[in-house]
Amino acid sequence: MSDEHDHGGHMHMPPSDGSMSKHRMMHMSFYWGKDAIVLFSGWPNQDLGMYVVALLSVFSLAVAVEVLSILPAVKPGHKPIAGGLIQATVYAFRMGLAYLVMLSVMSFNLGIFIAAVGGHAVGFFLVKIRALAKAKPAHETMSSTALITTKV
């Protein structure tokens, strides 16, 4: 018989120190509350302040994943191997952060889930606003094209 039992969406797990005196509960469905275990055993430890830190951490990780999605451009004249190594390093770091966000969401805590999705949305917005700021406004390109066609 196993030490893990499923009871109504919760899995009772024996403590990691090997003792059987105290059982922790691992949720297997979404729930609200500060009683979460996020990434590390005992963190945020049912403390509201640490839960807020956990929310901010997951939010920041998700923003970083999106911001790092703009890989550094390899400039002409650089060695392809050096540029490839830089891009591969940034990609590996980004994927590591993405897996940390995924593992955080697997706590099934709704606050953590909302922080992760919100962080991805804010990061995506920052990436897109930067790309749009670099692009030429549509009215500038349209006016120069309109002038060429009217003069011809």
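The figures here come from the full heavy-atom set of this structure, side chains too, leaving out hydrogens, waters and symmetry mates.
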**Asked** According to a 4.5 Å side-chain heavy-atom criterion applied to Ile, Leu, Val, Met, Phe, Trp and Tyr, with indirect links allowed, do Ile70 and Phe93 form part of one hydrophobic cluster?
**Response** no
Residues passing the ring-ring contact (aromatic ring centres under 6.0 Å, His included) test with Phe124, sequence neighbours excluded, are none
Residue pairs passing the side chain to side chain donor-acceptor pair (under 3.5 Å) test with at least one member in residues 80-103, sequence neighbours excluded, are none
**Q.** Shared hydrophobic cluster for Phe40 and Val53 (ILVMFWY, side-chain gaps under 4.5 Å)
**A.** yes
Residues passing the side chain to side chain contact (heavy atoms under 4.5 Å, CB included) test with Val90, sequence neighbours excluded, are Leu68, Leu71, Pro72
Applying side chain to side chain contact (heavy atoms under 4.5 Å, CB included) to Val122 and not counting sequence neighbours gives Phe59, Val63, Leu126
- According to a 4.5 Å side-chain heavy-atom criterion applied to Ile, Leu, Val, Met, Phe, Trp and Tyr, with indirect links allowed, do Leu55 and Leu103 form part of one hydrophobic cluster? yes
Tightest non-hydrogen contact, residues Gln46 and Asp35, listed as CG-OD1, 3.3 Å
Students should find that the hydrophobic cluster of Leu85, defined by side-chain heavy atoms under 4.5 Å apart, otherwise consists of Ile81
Phe125 meets the ring-ring contact (aromatic ring centres under 6.0 Å, His included) criterion, sequence neighbours left out, with none
Across all chains, not counting sequence neighbours, the side chain to side chain contact (heavy atoms under 4.5 Å, CB included) partners of Ser107 are Val38, Asn109, Ile112
Verdict with supporting geometry, Met50 and Asn45, side-chain contact (heavy atoms from CB on, under 4.5 Å):
CA-CA 7 Å; Met50 291 307 290; Asn45 201 21; over 6 Å; no
Item checked: Crowding at CZ, Phe113 (>12 non-hydrogen neighbours, <6.0 Å) -> no
Less than 4.5 Å apart, side chain to side chain, heavy atoms only: is that true for Leu97 and Val101?
no
For Pro44 and Ala54, the nearest pair of non-hydrogen atoms, with its separation, is CG-CB, 4.4 Å
Between Ser29 and Phe108 the two heavy atoms that sit nearest each other are O-CB, 3.4 Å
Taken to the nearest 0.5 Å, the spacing of Ile37 CD1 from Ser104 OG works out to 12.5 Å
Residue set satisfying side chain to side chain contact (heavy atoms under 4.5 Å, CB included) with Ile114, at least two apart, ordered chain then number -> Trp32, Leu110
Applied to residues 119-131, the side chain to side chain donor-acceptor pair (under 3.5 Å) test, sequence neighbours excluded, yields Glu66-His120
(Q) Do Met102 and Leu56 sit in one hydrophobic cluster, given that two such residues count as connected whenever their side-chain heavy atoms are within less than 4.5 Å of each other, even indirectly? (A) no
Spell out, yes or no, whether Val67 and Val65 are grouped together once hydrophobic residues are joined by side-chain heavy atoms under 4.5 Å, including indirect joins.
no
